Amino acid sequence: MIQEIAPGSWQPGQAAVFVFQFSLLSDPENFLSLLDREEKDRAERFYFEADRRKFIVAHGQTRHLLSQFTRRKPVDLKFSKAGFGKPYLSDQSWYFNLSHSGDYGLLAVAGKNELGVDIERHHPQVNDLQIARRFFSEPEQAHLFALPPAEQKEAFFRVWARKEAVIKAIGHGLQIPLSCFDVEVHKNKPAGLHRLDYQDYEPGGWSMYELPVPAGYNGALVVHGMTDQIAFVRIQA
Ligand SMILES: CC(C)(COP(=O)(O)OP(=O)(O)OC[C@H]1O[C@@H](n2cnc3c(N)ncnc32)[C@H](O)[C@@H]1OP(=O)(O)O)[C@@H](O)C(=O)NCCC(=O)NCCS
């Protein structure tokens, strides 16, 4: 179960898994000094100023929030990447995963559970049905296209966020064929991973949650193992 906690009253240890929602439109000047050389170099490579600002806020917020779990200064946190690029804290046992889309970021943090998080803004111009036909599994397509047409767009982004969260939890990026697993399509059924035919991963090893993100977005969390202690914190801009 996901419990919403006011931004001023959360504490590490209060829940097994935290998901923080934050605005990417905050002032990047408040975060730039927290980033390391590599992050600053990445920020400089964005073509659009708006993307540069959002990147700085996303990575600054990540450092700021993780510092409260690790009790290190944000600027002192060190990151490394696993084989397929998933970032981890170098010398800390906390798991985390970051996602950003549109004007919002999500950061998921857990002490014991590997996890993946995803937020997707609904893009009106995305050719959702064509993407679904190409990338979703056969059962997902069957359920999606059986929905009334007016519900298909939102269902598409719900499935997309859930599939991304699975990929990000496992951490292997697009090495994982998108058709080798099925997620729940329907809004009124519990989120879940129904099939996973990838290496020796078991679908039952993962729990999936729909996140209460703003209208116009879908968000999903995938956690290794079971937990009924998930805290959702909306950081004020
Ligand atoms: C990273 C990846 C796994 C997700 O990217 P995305 O959904 O575009 O972006 P998100 O904002 O959700 O996540 C990006 C963050 O995930 C983290 N990340 C990077 N590689 C990762 C990996 N292999 N596993 C988990 N997390 C990863 C990073 O913190 C990254 O943030 P940064 O780029 O600012 O450093 C991407 O490489 C990918 O493979 N995307 C699949 C795209 C696709 O076709 N999806 C169709 C679904 S139906």
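Note that the structure is a prediction, hence the values are computed from the model and not measured. Counting starts at 1 for both ligands and their atoms, following the listed order.
The only option from Val117, Leu221, Val109 that meets the side chain to side chain contact (heavy atoms under 4.5 Å, CB included) definition with Val17 turns out to be Leu221.
Selection from Pro87, Ser101, Gly105 by nearest heavy atom to atom 27 (C) of ligand 1 gives Pro87.
Checking only distances, Ile167 never comes within under 3.5 Å of ligand 1, N or O to N or O. For ligand 1, none of its N or O atoms has an N or O atom of Leu178 under 3.5 Å away.
For atom 1 (C) of ligand 1, the nearest protein heavy atom lies 4.0 Å away or farther. Distance check on atom 16 (O) of ligand 1: some protein heavy atom falls below the 4.0 Å cut-off. Contact annotation for atom 29 (O) of ligand 1: protein present (non-hydrogen atoms, distance under 4.0 Å).
Among protein heavy atoms, atom 31 (O) of ligand 1 sits closest to His100 NE2, 3.6 Å. With hydrogens left out, the protein atom closest to atom 38 (C) of ligand 1 is Leu174 CG, 4.2 Å, a heavy atom. Remark: minimum distance from atom 20 (N) of ligand 1 to any protein heavy atom is reached at Gly85 O, 3.2 Å. Residue, atom and distance of the protein heavy atom nearest to atom 23 (N) of ligand 1 are Phe84 O, 3.0 Å. Regarding atom 8 (O) of ligand 1, its nearest protein heavy-atom neighbour is Glu164 OE2, 4.8 Å. Counting protein heavy atoms only, atom 46 (C) of ligand 1 is closest to Trp160 NE1, 3.4 Å.
Residue contact check: Asp118 has heavy atoms under 4.0 Å from atoms 7 (O), 12 (O) of ligand 1. Remark: ligand 1 atoms within the under-4.0 Å shell around heavy atoms of Phe136 are 48 (S).
When non-hydrogen atoms are compared, ligand 1 lies under 4.0 Å from the backbone of Ser99 as well as from its side chain. Contacts between Leu98 and ligand 1, counted as non-hydrogen atom pairs separated by less than 4.0 Å, involve both the backbone and the side chain. When heavy-atom distances to ligand 1 are checked against a 4.0 Å cut-off, Lys168 comes that close through both its backbone and its side chain. The part of Asn97 lying near ligand 1 is the side chain, judged by heavy-atom distances below 4.0 Å.
Heavy atoms of Ala58 come nearer than 4.0 angstrom to ligand 1 in no pair at all. At a 4.0 Å cut-off, at least one heavy atom of Arg42 sits close enough to ligand 1 to count as contact. For the pair Phe135 and ligand 1, no heavy-atom separation below 4.0 Å is found. A heavy-atom separation below 4.0 Å is found between Gly171 and ligand 1.
Looking at heavy atoms from C-beta onward, Leu178 lies in side-chain contact with Ile167 at the 4.5 angstrom threshold.
Between His100 and Tyr104, the ring center distance fails the sub-6.0 Å criterion.
Contact between Arg63 and Leu35 at its shortest, heavy atoms only, is NE-CA, 4.0 Å.
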- Message: For His224 and Tyr95: C-alpha separation, side-chain torsions, deciding distance, then whether side chain to side chain donor-acceptor pair (under 3.5 Å) applies.
- Response: CA-CA 11 Å; His224 190 245; Tyr95 293 96; over 6 Å; no
- Query: Could you go step by step and tell me if Arg53 and Asp51 meet the salt bridge (Lys or Arg N to Asp or Glu O under 4.0 Å) rule?
  - Reply: CA-CA 5 Å; Arg53 294 170 67 92; Asp51 293 336; over 6 Å; no
- Task: Start with the C-alpha distance between Leu174 and Phe84, add both sets of side-chain angles, then the distance that settles side chain to side chain contact (heavy atoms under 4.5 Å, CB included), and finish with yes or no.
- Result: CA-CA 9 Å; Leu174 289 179; Phe84 297 97; over 6 Å; no
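Using bins of under 30°, 30° to 60° and over 60° for the plane-to-plane angle, the ring pair Phe20/Phe69 lands in the perpendicular bin. Aromatic ring pairs are classed by plane angle as parallel below 30°, tilted from 30° to 60° and perpendicular above 60°; the pair Phe156 and Trp160 is perpendicular.
For the pair Lys163 and Phe135, the cation does not sit on the ring face, since its NZ or CZ is not both under 6.0 Å from the ring centre and inside 45° of the axis. Both tests do not hold together for Arg162 against Tyr209: distance to the six-membered ring centre under 6.0 Å, angle to the ring axis within 45°.
Taking 4.0 Å as the cut-off between side-chain N and carboxylate O, Glu114 and Lys86 count as a salt-bridged pair. Ion pairing of Lys187 with Glu154 is present here, as a side-chain N (NZ or NE/NH1/NH2) and a carboxylate O approach within less than 4.0 Å.
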